[in-house]
Amino acid sequence: MTQARPPAQYSAEDEDFRRSLQLTRWLAVIALMLLLGIGTKSWLSGHGGHAVMLWTFAALIAINGTVYLFLKKHELHMVGLLAIVIVLFGYLFASGGESNTGPLWFYAFPPLLFYLTNLRQGTIMLATCLAMALVIFQWPQLPFVTTEYSADFKIRFLTSVLFESLFCFILEYSRLKARSRLLELARSHEQAARTDELTGLPNRRAMHQRLLEEYSRYQRSGHHFSVALIDLDWFKRINDDYGHDAGDASLKQFADLVRDIVRQTDLGARWGGEEFLLLLPDTSLLQALTLAERLRQKVADTEFRFRDQVLPVTISAGVSSITQSDSVNHLLKQVDVQLYSAKENGRNQIAPRVKSRATTSHQDSPRPS
Ligand SMILES: Nc1nc2c(ncn2[C@@H]2O[C@H](COP(=O)(O)OP(=O)(O)OP(=O)(O)O)[C@@H](O)[C@H]2O)c(=O)[nH]1
């Protein structure tokens, strides 16, 4: 038997993906503006070479963005942007930027990096950048290094960036942990809101939603379905004569029989009190009547026990098919009328009653399992 399906919802993964998409786009735009702006300022203050380098990086970011506009591949856009930014930091470490302040831009990197990637990839990229800074700081005579930093700057820069990276790692780790705990909680609340506590079967809410889904499937593609409304007979007497706990125990035992008898694609739910509803997809009225009768027989043959007492449990049920109704509400009304009729006719029976096997057609073939 299927469990009731959760409503279609925007998943947390989708939400994360959407955020990282937006952030990458914004970062690309901001980086582009900054590079163009600072490049122009450098040009005006006579640092032509530096300006050209910054504009080159701006052009690379613009090309990366244009490729994204055509291909719409977010991963590629993000990886491209991060690669450009890492090379840009390499350039800033090696050239010092203006007045050796270039490396200071690196402080903005760790929080964004962890958010955009994941802890493992973020750590690898940060370690690569820091190793690159260390090499450049340590060997200023390397061919592409055009500046030198004071010992104080090097020590303070590296230790403070290390501290910041560690802090960002811990924050991101805690954020991810809290997020997965919240998701777990949301999932279990969603499950609880759709499950009957006593029997563990889906509840009325879950069944109602599934009925609407099944009805729109029927309207779309003609997949018919039937329902059976089942009520435990003289249940008040069971409560009165054997106690409320005995009543609860018989509801649970009946729910187990329902689980046993219905197939994977069916749904059996507690509709309320001592009423249960079976939803039987791709099942004709006659097939549904046969199944309901089988369940009735099984209940009649089963010994319902509570402590050392045997409880007199029988069921009545009304059955109806969507092919005889024009809405879910109408179907539920019909099945209720049938249940009433089964009760009126003496209980421990199914309605409508099939008079003769001769009247049964090809529809009475066994249900596909
Ligand atoms: N133990 C127990 N009893 C319940 C629960 N929910 C509803 N009931 C009882 O079920 C009984 C239903 O009684 P009625 O509606 O009069 O129906 P009935 O005695 O089954 O009689 P018929 O349906 O006409 O055969 C009431 O006494 C409710 O209190 C439950 O979760 N546990």
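Order of listing sets the numbers, starting from 1, for every ligand and every atom in it. Just so you know, these numbers use all the heavy atoms, side chains as well, and skip hydrogens, waters and symmetry mates.
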CD/Q253 to CD/E303 distance, rounded to the nearest 0.5 angstrom?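 So the gap between those two atoms works out to 9.0 Å.
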Spacing of OH belonging to Y115 relative to CG belonging to L23, to within rounding of 0.5 Å: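 Reported value, rounded in 0.5 Å steps: 7.0 Å.
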Element-labelled atoms of ligand 1 that are located less than 4.0 Å from some non-hydrogen atom of [X]:
{"X": "G247", "answer": "1 (N)"}
{"X": "D231", "answer": "23 (O)"}
{"X": "L232", "answer": "20 (O)"}
{"X": "R347", "answer": "22 (P), 24 (O), 25 (O)"}
{"X": "L251", "answer": "30 (C), 31 (O), 32 (N)"}

Under 3.5 Å, N or O to N or O, is D233 touching ligand 1 that way? no
Going by heavy atoms in the side chains, are V161 and F109 under 4.5 Å from each other? no
Side-chain contact test, heavy atoms from C-beta onward, threshold under 4.5 Å: evaluate it for M53 versus S95 and give yes or no.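 Side chain of M53 against side chain of S95, heavy atoms only: no contact under 4.5 Å found.
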Under 30°, 30 to 60°, or over 60°: which ring-plane class applies to H74 and Y68, parallel, tilted or perpendicular? perpendicular
Would you please classify the geometry between the Y91 ring and the H50 ring as parallel, tilted or perpendicular, with 30° and 60° separating the classes? parallel
Considering only protein heavy atoms, which is closest to [atom], and at what distance to one decimal place?
{"atom": "atom 9 (C) of ligand 1", "answer": "N239 ND2, 3.4 Å"}
{"atom": "atom 19 (O) of ligand 1", "answer": "K236 N, 2.8 Å"}
{"atom": "atom 14 (P) of ligand 1", "answer": "E274 OE2, 3.9 Å"}
{"atom": "atom 6 (N) of ligand 1", "answer": "G273 CA, 3.3 Å"}
{"atom": "atom 22 (P) of ligand 1", "answer": "K343 NZ, 3.5 Å"}
{"atom": "atom 32 (N) of ligand 1", "answer": "D248 OD1, 2.6 Å"}

Select one of side chain, backbone, both or neither to describe which atoms of R270 lie under 4.0 Å from any atom of ligand 1, heavy atoms only.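 Only the side chain of R270 comes within reach of ligand 1.
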Please work out, at 4.0 Å between heavy atoms, whether the side chain, the backbone, both, or neither of D245 comes within that distance of ligand 1. neither
Looking at R305, I'd like to know if its CZ atom is crowded, meaning that more than 12 non-hydrogen atoms belonging to other residues, nucleotides or ligands lie closer than 6.0 Å. yes
More than 12 non-hydrogen atoms from neighbouring residues, nucleotides or ligands closer than 6.0 Å to CD on Q22, yes or no? yes
Going by the side-chain contact (heavy atoms from CB on, under 4.5 Å) test, name the single residue among F153, F163, F137 that passes it with L158. F137
The residue among L112, L82, L81, V79 that forms side-chain contact (heavy atoms from CB on, under 4.5 Å) with T24 is L81
Shortest heavy-atom approach to atom 10 (O) of ligand 1 - which of W234, F235, Y340: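 That would be F235.
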Is the closest heavy-atom distance from K252 to ligand 1 below 4.0 Å? no
